[in-house]
Amino acid sequence: MNLKAVTFLVLFAVTAAQTVSNDTLPLIIWHGMGDCCCNPFSMGHIKKIIEEHVPGIYVKSLMIGPNIAADIENGYFMNVNDQVKDVCEQIASNPKLKNGYNAMGFSQGAQFLRAVVQRCGHKVRNFISIGGQHQGVFGLPHCPTLPEKSRVCEYIRKILNHGAYHHWIQDYLVQAEYWHDPLNEELYKEKSVFLADINNERVINQTYIDNLNALNNFVMVKFLRDTMVVPIESEWFGFYAPGQDKDVLPLQETELYLQDRLGLQKMEGEGKLHFIAYDDDHQRFNEKWFMTEIVDKYVA
Ligand SMILES: *[C@@H]1O[C@H](CO)[C@@H](O)[C@H](O)[C@H]1NC(C)=O
Ligand SMILES: *[C@@H]1O[C@H](CO)[C@@H](O)[C@H](O)[C@H]1NC(C)=O
């Protein structure tokens, strides 16, 4: 190789590196149930380690409501459709996010952020779901063990088992809004104010399909030994076969996929769906793995 070629390659590499660093998009994160935007042991920590790992990145950890107490409470009692609307507005009014962003949701925050992708019409490049429940849950085996753990969660478990689809429960109880009873599929489709809507189970909203398809990557992490999420397969967009709660179907065998209600067949064909397994309990992951397999590949 002559000197000119080497010089060209070096210049090219420098330019490419600059392009990459300019290209680092902001990151939005949305916390899970019982958690909040800024807990130094959970989302606060995640934000900090990503900022240390990716120089210059802007990370916005979503707070729903005016303060941390409200943020935690809203994770149980603020209608998810209103939360999503609030987030659409928070993002749209933030000048740092106007050129697009990546989005990462933790647990229930993942299905909520997917609704943001589908409804708000923002420029989202990669969407990462860490233990999200994309076909909902049928059971809440125990409550989170975060410092804010509250008795409220135990109370919610009882209500869900009684009548998740009563309209007054649907209107205010967050976990009821992604409660998916496989023994009552029709009731779920008719009454679920949030999940059945974003999964296009009542009608097909083409906007949802187009916005989801506009992603470069839709990454789903499933915790193989998850004791919080029932069924675990929901973290990879699978669910129980209808009419019973024993046999679980992978996404590709569910009605939602076979009828292509969300355009997931096309996304899979384009290599946009990524199914990642992690062999531990809910939200328990090693930071080195998180950096190399998630942040370096889809955020940095
Ligand atoms: C990329 O970053 C460099 C260095 O910070 C800056 O000079 C340049 O204007 C940026 N380019 C774009 C397109 O933002
Ligand atoms: C489809 O979703 C978009 C974005 O949320 C909404 O504006 C529109 O009203 C929905 N259309 C139907 C038919 O529900």
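Whatever order the structure lists ligands and atoms in, that order sets their numbers, starting from 1. Heavy atoms only: backbone and side chains are in, while hydrogens, waters and symmetry mates are out. Here the structure is a predicted model, which is why all the values come from computation and not from measurement.
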Check your understanding: Run the side-chain contact (heavy atoms from CB on, under 4.5 Å) check on His45 and Glu287 step by step: do they pass?
Key -> CA-CA 11 Å; His45 179 68; Glu287 284 176 11; 2.5 Å; yes
Check your understanding: Does some non-hydrogen atom of the protein lie less than 4.0 angstrom from atom 11 (N) of ligand 2?
Key -> yes
**Study point:** Ring centers of Phe106, Trp30 separated by less than 6.0 Å
**Key:** no
Check your understanding: Which atoms of ligand 2 sit under 4.0 Å from any heavy atom of Arg119?
Key -> 4 (C), 5 (O)
Point to revise | Protein contact for atom 14 (O) of ligand 2 (heavy atom, distance under 4.0 Å) | key: yes
**Study point:** Shortest heavy-atom approach to atom 6 (C) of ligand 2 - which of Val84, Asn81, Asn205, Asp197
**Key:** Asn205
Check your understanding: Just one of Gln135, Gln111, Gln108 clears the side-chain hydrogen bond (donor to acceptor under 3.5 Å, both in side chains) bar with Tyr178, so which one?
Key -> Gln108
Practice item. Apply side-chain contact (heavy atoms from CB on, under 4.5 Å) to the pair Glu293 and Phe285, showing each step before the final yes or no. Key: CA-CA 11 Å; Glu293 297 305 315; Phe285 53 81; over 6 Å; no
